[in-house]
Amino acid sequence: MISKEISIKIGKAIKEIWMKNIPRDFSEGYIINEDCLKMALCYHLRRKLSAILKENDLRIYTEKYFPGIKKKPDIIIAQLRDEYEENSLYASIREEDVVALFELKFTSETAQSTADWVKDDLKKLKDYVQKSKFQCPLYFAMIYEVECCWLHWLDKRSTNNWASGRVTELDAGWIDGIMNYEVHSY
């Protein structure tokens, strides 16, 4: 299990990546869909956290399936177990090994289709909190390529209850013709 201090450093790096590196990557044309967003986040996480990852036996994985909850988070940062078998490392990662978890969305669709996708991912995040052994911070990262009225999705009921102290939204979207990036920690 990693220390609270390491968890705070990871969280700080994630927020910095969202506010500094992702805007530059987006404006330079490196991020055009969800897979590109995933690649950019993984690249910047590995680059910025390389010492912490190495010192704490942490690794970054994408689309790791967890049979107990029948879900695949888009990105996880997980701590290696001492007893893992080299030929079955991926299978040996358990929910309790995860130190940060990401769900991602990238959309340029209409408001209704976006709302439906977002609701599905928010339900996943809620399930991670309520029905799994994940005890880590959860990050919901979303880029909208459409004009928005606001960028955050969690409401007062969720932020006062299941998301409180667990979820951070990383949001980006066009407001009044300007691409805005925000971090909302609950």
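Everything numeric in this text was worked out from a predicted model, so none of it was measured.
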>> One thing to verify: whether Asp120 and Lys124 come together as a salt bridge, which I'm taking to mean a side-chain N less than 4.0 angstrom from a carboxylate O.
In response: no
> Leu138, Ile10: one ILVMFWY side-chain cluster at the under-4.5 Å cut-off?
Replying inline: no
>> So if I apply the side chain to side chain contact (heavy atoms under 4.5 Å, CB included) rule between Thr168 and each of Trp18, Phe140, Tyr139, which one comes out positive?
In response: Tyr139
>> Are Ile14 and Ile52 linked, directly or through intermediate hydrophobic residues, by side-chain heavy-atom contacts shorter than 4.5 Å (ILVMFWY only)?
In response: yes
> Should Asp25 and His44 count as side-chain neighbours, where that means a heavy-atom distance under 4.5 Å?
Replying inline: yes
>> Taking the side chain as everything from C-beta on, heavy atoms only, tell me whether Asn180 gets closer than 4.5 Å to Leu151.
In response: yes
> Can you list every salt bridge (charged side-chain N to carboxylate O under 4.0 Å, His left out) pair that touches residues 173-186, not counting sequence neighbours?
Replying inline: none
> Should the pair Asp97-Arg94 be classified as a salt bridge under the 4.0 Å nitrogen-to-oxygen rule?
Replying inline: no
>> Pairing donors with acceptors under 3.5 angstrom, does anything connect the side chains of Tyr186 and Glu169?
In response: yes
>> When you compare the side chain of Leu170 with that of Ile17, does any pair of heavy atoms fall below 4.5 Å?
In response: no
> For residues 5-17, which residue pairs qualify under salt bridge (charged side-chain N to carboxylate O under 4.0 Å, His left out), counting only residues two or more places apart or in two chains?
Replying inline: Glu5-Lys9, Glu16-Lys48
> If you round to the nearest 0.5 Å, how far is CD1 of Ile31 from CE of Met39?
Replying inline: 9.0 Å
>> Could you check whether atom OH of Tyr43 has more than 12 heavy atoms from other residues, nucleotides or ligands sitting under 6.0 Å from it?
In response: no
> Once you round to the nearest 0.5 Å, how far does CD1 of Ile32 lie from CG of Leu37?
Replying inline: 12.0 Å
>> So that I can tick it off, tell me whether Lys71 and Glu95 are bridged by a salt bridge, with the cut-off set at under 4.0 angstrom between side-chain N and carboxylate O.
In response: no
> Mind checking whether Phe134 and Phe66 have parallel, tilted or perpendicular rings, split at 30° and 60°?
Replying inline: perpendicular
> Does the side chain of Trp162 come within less than 4.5 Å of Leu154's, by heavy atoms?
Replying inline: yes
> Counting heavy atoms not belonging to Arg46, are there more than 12 under 6.0 Å from its CZ?
Replying inline: no
> Between Arg59 and Ile93, is any pair of side-chain heavy atoms under 4.5 Å apart?
Replying inline: no
> Side-chain contact, heavy-atom cut-off 4.5 Å: Ile60 with Leu49?
Replying inline: no
> Is it true that a side-chain atom of Asn56 and a backbone atom of Leu58 form a donor plus acceptor pair closer than 3.5 Å?
Replying inline: no
> Rounded to the nearest 0.5 Å, how far apart are NZ of Lys126 and NZ of Lys119?
Replying inline: 13.5 Å
>> Taking Leu104's backbone N and O only, do any of them form a donor-acceptor pair with Asp74's side chain (distance below 3.5 Å, no angle check)?
In response: yes
> Does Ser27 use its side chain to pair, donor to acceptor, with the backbone of Arg24 at less than 3.5 Å?
Replying inline: yes
